[in-house]
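Remarks on the structure that follows.
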Protein chains: 2
Amino acid sequence: MELAHKVSNCKDCIYRSWAFKNLSAEELKVINVKKTEKFYRKGENICLEGDEISSFMYLQTGLVKLFKTELNSKEHIISIAKPKDFIGLLSIFSNTKQIYSITAIEDSIVCFVNLEIIKKFIKTNGIFAIDFFEKISAVSDSVIKTRIDINTRQLRGRIAYILLFFSKHIYGSSKFNLPISRKEVAELIDMSTENVIRVLSEFRKDNLIQIEGKNIEVLDIKRLEKIYELG
Amino acid sequence: MELAHKVSNCKDCIYRSWAFKNLSAEELKVINVKKTEKFYRKGENICLEGDEISSFMYLQTGLVKLFKTELNSKEHIISIAKPKDFIGLLSIFSNTKQIYSITAIEDSIVCFVNLEIIKKFIKTNGIFAIDFFEKISAVSDSVIKTRIDINTRQLRGRIAYILLFFSKHIYGSSKFNLPISRKEVAELIDMSTENVIRVLSEFRKDNLIQIEGKNIEVLDIKRLEKIYELG
DNA sequence: TATCATTAATGACATATATCATAATATATA
DNA sequence: TATATATTATGATATATGTCATTAATGATA
């Protein structure tokens with residue numbers, strides 16, 4: 001069942017003040033006409049490895065995961081995007097096909113802006129080009145930094161990272177509903193599902209967190225940060 | 001001792017046909033006047049974490065490593081750049097300070113182009129902007145892909161990756177002189193130095209490679225590729 | 001509601017990897 | 001050249017992590 005939602009106008013969009021802030025009213029109008037908004041239920045695919053790339057995608061509401069299916073058909077999650085994030089990686093500017101898949105992990109609304117229009121504005125609006133480039137660069141570098149931060153740590157440090165990531169970065173609250181399964185956490189931080197569960201239990205017994213299924217509350221953020229910092 | 005080298009002209013530069021191909025003769029002349037070329041001996045630092053960023057850097061000759069010093073003062077290598085590569089990550093467009101350090105791992109000549117000039121051309125030359133963006137995006141995504149490829153494999157797969165990386169990607173020859181120590185290999189693929197040495201010995205005993213100190217020859221590339229693919 | 005499938009949880013065990021110790025080389029430096 | 005220092009090499013051992021097995025809990029579906 002498709003849920004209807006009010007299609008927003010670009011000039012009122014939260015994203016405008018970010019990557020699109022240097023577009024003129026005229027340019028925004030062009031985007032407004034050509035853009036598409038689409039609603040995805042939790043679990044639905046937004047795009048798959050190999051799909052043609054024709055849009056710049058950003059997330060209006062919800063949460064999505066960017067992932068790759070390995071040869072052994074295991075999935076590896078590369079990053080999680082939150083509202084106002086550009087979804088995907090820079091390859092949309094250097095590839096014609098998606099090299100990763102994207103799936104909603106919460107009900108989400110994704111906005112698709114034709115890539116040719118973005119490219120046209122990069123060509124014709126220098127101020128927009130520079131600003132857009134800076135913003136997009138930051139996103140890309142943050143993915144690299146995250147991958148390094150995770151992989152230079154061991155299990156406890158990685159789980160601490162995930163807890164801090166969701167509580168601080170995604171939800172801004174010490175209490176939150178983990179939107180992904182333990183298996184997906186494992187796919188995100190390169191460890192086995194059992195060990196994700198085990199370390200979470202360990203943290204619970206240690207009064208670092210409280211767990212009731214997907215409901216998690218961070219009880220001792222200072223100590224959790226220390227565990228993260230020490231690796 | 002500083003070695004003199006013939007300062008090259010941008011219009012003859014190998015890099016021109018890559019990222020700078022859409023600049024006019026006039027624009028190239030501006031870059032040519034403002035750019036700096038610098039020679040670094042193997043082991044010399046090109047820049048350090050925290051340095052002000054004022055240049056777009058690319059490698060004319062040699063080989064350099066981009067790395068981060070962890071809290072425990074261990075070094076973690078993020079990527080290795082070869083001639084014609086843009087050095088560094090996109091953060092030069094979104095940060096004012098370097099977030100990683102760069103050191104020459106072979107005698108190298110680095111060319112520094114003032115970043116403000118690049119930004120000016122992005123603003124004023126749309127065709128250049130798009131092309132430059134596409135090229136730089138590919139570099140960034142390739143770093144992400146590499147990190148994933150390495151970290152989703154275990155030791156044997158990672159060593160296979162390194163051997164294939166140097167023989168195919170860097171030197172284009174089955175016989176090459178490994179430019180980094182076993183310790184640096186370990187820092188590049190997140191494993192202990194002893195295990196790097198151990199797996200290399202194992203590959204030697206298995207007739208996959210021949211080793212004499214830093215001189216390595218890949219004897220059975222097909223089997224090595226299989227080891228890499230299977231992880 | 002009853003049934004089935006998925007997820008979460010935990011223990012026992014196997015395996016992969018790191019660490020420590022020691023020696024042999026190689027490389028840099030005085 | 002001699003000496004110190006770092007690198008390479010290998011074995012023994014400790015530790016971290018993954019895998020397998022089993023059960024409980026949860027959620028989906030008929």
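In what follows, every chain begins at residue 1, and chains take the letters A, B, ... in the order their sequences are listed.
Counted within 6.0 Å of NZ on A/K183, heavy atoms from surrounding residues, nucleotides or ligands total 12 or fewer; the atom is thus considered open. More than 12 heavy atoms of other residues, nucleotides or ligands sit less than 6.0 Å from atom NZ of B/K68.
Annotation: the span from A/I189 atom CD1 to A/Q154 atom CD amounts to 12.5 Å, rounded to 0.5 Å. Atom CG of B/L48 sits about 4.5 Å away from atom CG of B/N45, to the nearest 0.5 Å. If you take CZ on B/F56 and CG on B/L115, they are separated by 9.0 Å, rounding to the nearest 0.5 Å. The CG atom of A/L163 lies 8.0 Å from the CG atom of A/L178; values are rounded to the nearest 0.5 Å. From B/D220, atom CG reaches atom CD of B/E225 across 9.5 Å, with rounding to the nearest 0.5 Å. In this structure, the separation between CG on B/L188 and CD1 on B/I150 is 5.0 Å, given to the nearest 0.5 Å.
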message = Base contacts versus sugar-phosphate-only contacts with protein, heavy atoms under 4.0 Å: please encode nucleotides 10-26 of chain D as B, S and - from 5' to 3'.
response = BBB----SBBB------
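Below 30°, between 30° and 60°, or above 60°: for B/Y40 and B/F112 the angle between ring planes is between 30° and 60°, a tilted geometry.
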Donor-acceptor pairs are to be reported for all side-chain atoms of residues 199-211 of chain B against protein atoms at under 3.5 Å, with residues two or more places apart or in another chain.
| unit_1 | atom_1 | unit_2 | atom_2 | d |
| --- | --- | --- | --- | --- |
| B/S201 | OG | B/I197 | O | 3.1 |
| B/E202 | OE2 | B/R156 | NH1 | 2.6 |

Enumerate, atom names and distances included, each donor-acceptor pair closer than 3.5 Å involving a side-chain atom of residues 75-92 of chain A, sequence neighbours excluded.
| unit_1 | atom_1 | unit_2 | atom_2 | d |
| --- | --- | --- | --- | --- |
| A/H76 | ND1 | A/E187 | O | 3.3 |
| A/H76 | ND1 | A/D190 | OD1 | 3.0 |
| A/K82 | NZ | A/H169 | NE2 | 3.4 |
| A/D85 | OD2 | A/K82 | N | 3.0 |
| A/S91 | OG | B/D141 | OD2 | 3.2 |

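In summary, the side chains of B/S140 and A/S140 do present a donor paired with an acceptor at a separation below 3.5 Å, with no hydrogens or angles considered.
Remark: nothing in residues 224-231 of chain A comes within less than 4.0 Å of DNA chain C through any heavy atom.
The NZ atom of B/K42 sits 11 Å away from the C1' atom of C/dT27 (whole-angstrom rounding). The CD1 atom of B/I159 sits 11 Å away from the P atom of C/dT17 (whole-angstrom rounding). For the pair A/F203 CZ and C/dT10 P, the computed distance is 15 Å after rounding to whole Å. Rounding to whole angstrom units, NZ of residue B/K214 and C1' of C/dA26 are separated by 10 Å. Rounded to a whole Å, the NZ atom of B/K183 is 16 Å from the C1' atom of C/dT19. The CD-C1' distance, from B/E202 to C/dA16, rounds to 12 Å in whole Å. Rounded to an integer number of Å, the gap from B/E212 CD to C/dT27 P is 12 Å. We find that CD1 of B/I216 is positioned 14 Å from C1' of D/dT7, with the value rounded to whole Å.
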Grab the N/O contacts between the protein and nucleotides 4-6 of chain D below 3.5 Å, and write none if there aren't any.
none

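By the 6.0 Å and 45° rule, A/R153 does not stack over the aromatic ring of A/Y161.
In terms of phosphate contacts, B/R182 brings a side-chain nitrogen or oxygen within less than 4.0 Å of OP1 or OP2 of D/dT8.
Terminal axes of the helix from C/dT1-D/dA30 to C/dA30-D/dT1 (five pairs each, C1' rotation axis) are separated by 60°, to the nearest 10°.
Salt-bridge formation is detected for the pair A/E37/A/K35: a Lys NZ or Arg NE/NH1/NH2 atom is positioned less than 4.0 Å from an Asp or Glu carboxylate oxygen.
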